[in-house]
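Comments concern the structure below.
Since we're looking at a predicted model, the values are computed, not measured. To find a chain, count down the sequence lines: A is the first, B the second, and so on, and within it residues start at 1.
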Amino acid sequence: MTTDWISLPLVALPLVSSIAILAFVAYASPAARERMGPSIRMATLVFSLLMLALTTAMFFGIEYIEGTLDWASLSFGSFNYEFRYVWIESLGIHWSVGMDALSFPMVWLTTFLLPVTIVATWNEKNAAVYFPLVLMMGGALIGVFVALDLFMFYVFWELTLIPMFFLILKWGGYDRKYASQKFFIYTFTASVIMLLGLVTVYFLQPENLSYAGAWTGRTFDIPTLTLHAQSANAGGAWFLGESLQKILFVMLMIGFLVKLPSVPFHTWLPDAHVQAPTGGSMLLAGVMLKMGAYGMFRLPLAMFPHAAEHFQFALMALGMISLVWGAIVCLGQTNLKKMVAYSSVSHMGVILIGIATMQPLGWAAALFMMFAHGIISPMLFAVCGAFKHHYHSMEIGAMRGMAKHSPWLATSMMFAWMASLGLPLLAGFVAELMMFLALWHFIAAEGWSVLWMVGPALVLALTAAYYLWSMQRTIFEGGDETQPPESLKGQAVPDIGDAEKLAMVIMAAFTILFGVMPWIALDMMNGWTVAFFETLLIPILTGGA
Amino acid sequence: MEQIEPFAEGFVLALAPEFVLVIGLFTLMIVPNMGDAKFRIPLTQIRVPWLFGGKRGKLDSDPRLPGLFATVFFTIAFGLSAVSFMGGMNKTQIITPGGTTMLQIDEFSRMFELIFFGALALASAASVNRLPATSRADRSLNGLYNNRRQVDFYILLITTGLGMAVVALSQDLFMLFIGLELASFSTYVLVSFIKESKEGTEAGMKYFIVGSVASGVGLYGLSLLYLWSGSLQFADLSVAFAENGMEALPLIALGMLLVGFGFKVSAAPFHFAAPDAYAGAAAPVAGLLATASKAMGVLGLLRLLLVVASPEATEGSAVWLVALGVLSVITMTWGNLAALGSTNPKRMLAYSSVAHAGYMLAAITAIGALNWEEGHVDMSNDAALVVVTALIFHLTVLVCFKLGAFLVLSLLESEKGGHTLESLGGLAKRDPFLAAAMFIFMMSLAGVPPLSGFVSKLLVIMGIVKVALLDVTVNSDLVFSDIHWVWYLALLMVINSAISVFYYLRVGLVMYFHEPEEGREGPLPKGMPVRFAIIACLATTIYFGVGANQLIALCEAAANALVGAW
């Protein structure tokens, strides 16, 4: 491969061009900004569609892109479209990008969500600033997924905070100041602890691995570190020793669990979601939460598998608590968006359970859940946003008999709700089914109590309950006798606009596509998981046998 | 190593940046005094223009003239230092005829001169449009006095620069103290330069009293050291410490000197004057205190703790290890907690600078933890190099974003704002560029990537962690308690920087979220020099974060000159 298809088109250009647009717009008068809005919006849409075209072409491995055709059979530790430039030579820091079957679905998902978000929030106010911020967010998110260098990973990890902070702050709800601050501080605190863990790992590696810094003799290169950890972990030995490996595992996991978020650290999420604008919520739930799960697979699970096995119970418990607690809290919500936010917490619990099973099937379930939730949850939030936009309220009781007044919105809502509760033939179902199978298999194999199945079974019922109940109260109840809510002040009830319809249809279509033909994405996820287990986990955890 | 006696061949060339400042000093004294005075040759009617005295012309009585002059001279001095640093460094010592080394010109001192002159050039550029032409409503003396006040201000800035340069170059504790005092006395006056305001006078008074007490204590320690060893040369003192540094006298002296330098870096128990001084001083001066003056203190600490009281004196680790560790923890925590509660942005920045002092002390502590017994020295030097590089890098980029933040406040000050957080309200609407710049400075202070503040914090953490893991053998029997306790300093540091996000973000919230205060809806004053300085700060803040490579190499060369001398 001779051309770097990732750095410029997928990461640097969106970031640089959006910053340039923002700088340019900052000095324009409000009227001029208003005039520039539509063209900037169109420019970001075209740009994000080009990015989507590129990643889609990468999926098919079209020869112009010089791609390796096969994502599924990529061996562990090798990457497609890999490129490396020296960044800070003395410390062994490289601008190093590449994708494997773990990161590629996430990158594709980001490029898919960008145009969808732009279309779904087509009429957002202050367009000249909003759409560049969305594009910047996309560039930073892709940067996280393609980074193969710890420094670069951390830089983009933190960089995602800034556009999101401004999206919440400028376009958010009444309590946006509190929410944006809480969001920033929570995740920043967690990630500086992660940073200290990363630096500690950096100095505990032996000197002169490949891509080492000229001066410190250590490297930040993720594949190199992973391979080194793999050999150091082999044969039942603990890389860095038992106590240190556990502590470093915990330090890294704090950063990722807060981002995911898992239950004791989840309180920033409902606040951020409720206050965030629709576009912010869509990207936040669709991709940003997955950064946490992605980071777990990439770093702590790959480097510290012994510690992961040691903390298996804790991870499983956290996952169960997130799953059940999120669902229970959903039942009590009167705010539509808050309910959806807590349902995200619940679904992230599924990912954590999948990881904690330490089974290939469970991991593949987690990976597919990341992907499926990345398509479904933006649709949930798009519905919430449309609801808020048209009925000026987020309360579940604010609008009744929506099926009569705005059929398009009612249909979209019903579809999204059904997808999220795991209706067969939709993408969410596949992930949940796989997780169930993995959990059964795990319980049977490891001899854990069958009571562990109670939680997921209960949540199936609870999820159906809160979704159906909220649907019944908004869409159907009241029927023909209902009047438009008071907040509309006597105006006729509008239905959603054409742009919103288009976005809903696209998201629904892909939910169905990945529900009916999950193997499109699942093949490569399976391939990655199997390679991970065969090369890394099984030899290590069975003591080199 | 070349050795030159004063005014021997090559002397002026070796000290070119300093001589430029001296020339600048005289220029500032002479040029604004030039007039049309003529001298009549006795017994004739011939009048020869004599220039000194008489009615001044339009150009030399321009109130902006001294500021422009000072900026130009600082820039020339900066350029000369940079040329001598990067264009093949030639190590030179200035010795007395008796053979005592007074000053040494090497990469380390040049790097610090770059920091000092850079900060001073930015500060003087930022002050050009700020000072009112006359101090009082009474303008009867206008014709005579209309730029005298500015001249005083910039003369003081230049003497500050000269003092700092001497501190950077000194090889002798006495020279170091002379430079320190020259710089300190100039800053005392600078802080209270706006003598018409109550805050300014009070701030200057407090700063002066506390500062002179600290200097006095330090000077007493210095005299004790002299009593003990009979020399104030760094080289001699270092040998004396290596032989019998555990005696009571040098330890007491060391403690006293720590007080003196602790005040300069505003370390915790000696920081009380700092918030008042920063709040009362004009913003560019406060910015100088937080950057150049702090760099001077750190430079003194490095010389004192690493060169003079070299840890070889004791078994294993340095004598001051625990004391400095405790000091650093108190400093960073206190600074951050106090900053949380301050509503005056300048006080907030002052406390944040206290917190940064804590981070730097933690880094110096880490060097003290090195095991200096035989066999470890090579590796130790390597680790010490990382820490010293991190410190120099931190001090350099501090000039970019901390001074930059003060310069933004300085623009607000010229419309009588900048004393409450609320006066920043609506800045995003009033001046989007300034608001964005301020936000980036705040993010850089908090250590958000990819800005230079992040790289500097990362380097400091890396330095500490590297030292903490030095004696650890990596194998599967490694236990966590093998790690040296300085690792916890790094942990406290990251927790502290998480706390600091609260108050840095608050500035951003006020700028982007609050409405402007009444009477502050219009655009900000123009002030081209200040804006130019802010743009320079902003560009370097971003550049040294994204492309840190070159600066790290420079800092490494500088650190090598200090560490390699051990």
Between B:Ile464 and chain A, with a heavy-atom cut-off of 4.5 Å, which part of the residue counts as in contact: side chain, backbone, both or neither? neither

Of the backbone (N, CA, C, O) and the side chain (C-beta and beyond), which part of B:Phe454 lies under 4.5 Å from a heavy atom of chain A, both, or neither? side chain

Using non-hydrogen atoms only, which part of A:Leu161 is less than 4.5 Å away from chain B: side chain, backbone, both, or neither? neither

Options B:Thr389, B:Val455, B:Leu459, ranked by heavy-atom pairs under 4.5 Å with chain A, top entry: B:Thr389

For A:Leu248, is it the side chain, the backbone, both or neither that has a heavy atom under 4.5 Å from a heavy atom of chain B? neither

Heavy-atom pair of closest approach, residues A:Leu159 and B:Pro449: CD1-O, 3.9 Å

Please classify the contact between A:Leu204 and chain B as side chain, backbone, both or neither, with a heavy-atom cut-off of under 4.5 Å. both

Under 4.5 Å from any heavy atom of chain A - which part of B:Met493: neither

Quick check: closest heavy atoms across B:Pro432 and A:Ala26, and the distance to 0.1 Å? CG-O, 2.9 Å

By a 4.5 Å heavy-atom criterion (distance strictly below it), what part of A:Met152 contacts chain B: side chain, backbone, both, or neither? neither

Quick one: what part of B:Ala490 sits under 4.5 Å from any heavy atom of chain A, side chain, backbone, both or neither? both

Top contributor to chain B contacts, counting heavy-atom pairs under 4.5 Å, from A:Thr189, A:Leu196, A:Val192: A:Leu196

Would you compute the distance between atom CG of B:Leu505 and atom NZ of A:Lys177 and round it to the nearest 0.5 angstrom? 11.5 Å

So, the part of A:Ser191 with a heavy atom under 4.5 Å from chain B: the answer is neither

Minimal heavy-atom distance between B:Met462 and A:Phe203, with the atoms involved, is O-CE1, 3.0 Å

Options A:Lys246, A:Gln205, A:Gln181, A:Gln245, ranked by heavy-atom pairs under 4.5 Å with chain B, top entry: A:Gln181

List the atom pairs, donor and acceptor, that lie under 3.5 Å between side-chain atoms in residues 86-96 of chain A and the rest of the protein, sequence neighbours left out.
from    : atom 1 : to       : atom 2 : distance (Å)
A:Trp87 : NE1    : B:Val546 : O      : 2.4
A:Trp95 : NE1    : A:Ser7   : OG     : 2.9

Segment of B:Gln550 engaging chain A (4.5 angstrom heavy-atom cut-off): neither

Which region of B:Phe439, side chain (C-beta onward) or backbone (N, CA, C, O), has a non-hydrogen atom less than 4.5 Å from a non-hydrogen atom of chain A, or is it both or neither? side chain

Quick one: what part of A:Tyr154 sits under 4.5 Å from any heavy atom of chain B, side chain, backbone, both or neither? both

